[in-house]
Amino acid sequence: DNLTIHGTSNEGITIRSGTSSQGAIYFSDATGSGTGTYEGNVIYDHSTNALMFGTNHVERVRITSAGAVGINSTSPSDRLTVEHSNTGNPTGITIKNTNTNAHSHARLKLISQNGLKYTDIWTDAPNDSCRIGYNGSSSLMINNGNAYAKTSVSSWHNDYRVFQAGQASMVGKNPQD
């Protein structure tokens, strides 16, 4: 390493810049004044109190002074904003459980009222399906192009209303029974 900070306690580096200026660390693989001189970067903007991370000489992630995070967004409108201009393929977030056991689900949980109310969206590996639930109760299952919605508040394996493409709804038992 060309620069080493060493000590036996808490150590650090300070980059001090003006109140309306930026402090930055750049990662370069070129000399001169081209984009290669700032291929990667970490920039703190004191005028907005935002922290930015860049790759391939473009800002990719921004954390605002309010704690909002933007991925490919310079002005995130929510706690996490993901933007991508794309045709043909969806822009998304991937949540992956790499465990291969039968009951290894992947889940997205949306929580409101400080945990009092929540919605779960998860993969259901044993039933080869996607489930949507509210406050711990599975309410909808999508399996092989069919949708099964609960008609009672009892256990998952009781009656469901089945919706199939091109057909009227009918009441029946869960096909997994």
Checklist entry - Asn10: what forms a side-chain contact (heavy atoms from CB on, under 4.5 Å) with it, not counting sequence neighbours? => result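 Expected list: none.
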N/O donor-acceptor pair under 3.5 Å between [X] side chain and [Y] backbone:
X      : Y      : value
Thr123 : Ala106 : yes
Glu39  : Thr37  : no
Arg60  : Phe53  : no
Asn49  : Ser65  : no

Checklist entry - Take atom NZ in Lys96; do more than 12 heavy atoms of anything else shown fall under 6.0 Å from it? => result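 Not more than 12 within 6.0 Å, no.
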Checklist entry - For residues Tyr134 and Asp120, is any side-chain donor paired with an opposing acceptor at under 3.5 Å? => result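 Side-chain D/A pair, Tyr134 to Asp120: absent.
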Checklist entry - Would Asn99 and Asn97 count as having a side-chain donor-acceptor pair, cut-off 3.5 Å? => result no
Which donor-acceptor pairs under 3.5 Å do side chains of residues 27-35 form with protein atoms, sequence neighbours excluded?
| from | atom 1 | to | atom 2 | distance (Å) |
| --- | --- | --- | --- | --- |
| Ser28 | OG | Ala30 | N | 3.2 |
| Ser28 | OG | Ala30 | O | 2.8 |
| Ser28 | OG | Gly36 | O | 3.1 |

Item to check | CA sep, side-chain torsions, deciding dist, call: Val61, Val69, side-chain contact (heavy atoms from CB on, under 4.5 Å) | outcome: CA-CA 7 Å; Val61 176; Val69 176; 4.2 Å; yes
Item to check | Side-chain heavy-atom pair Ile93, Leu108 within 4.5 angstrom cut-off | outcome: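 Sidechains of Leu108 and Ile93: no contact.
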Next on the checklist: Measuring from atom CZ of Arg131 to atom CZ of Arg107, what distance do you get when rounded to the nearest 0.5 angstrom?
Outcome noted: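 One finds 12.5 Å between CZ of Arg131 and CZ of Arg107.
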Checklist entry - Got a second to check how far Thr74's OG1 is from Glu83's CD, nearest 0.5 Å? => result 7.5 Å
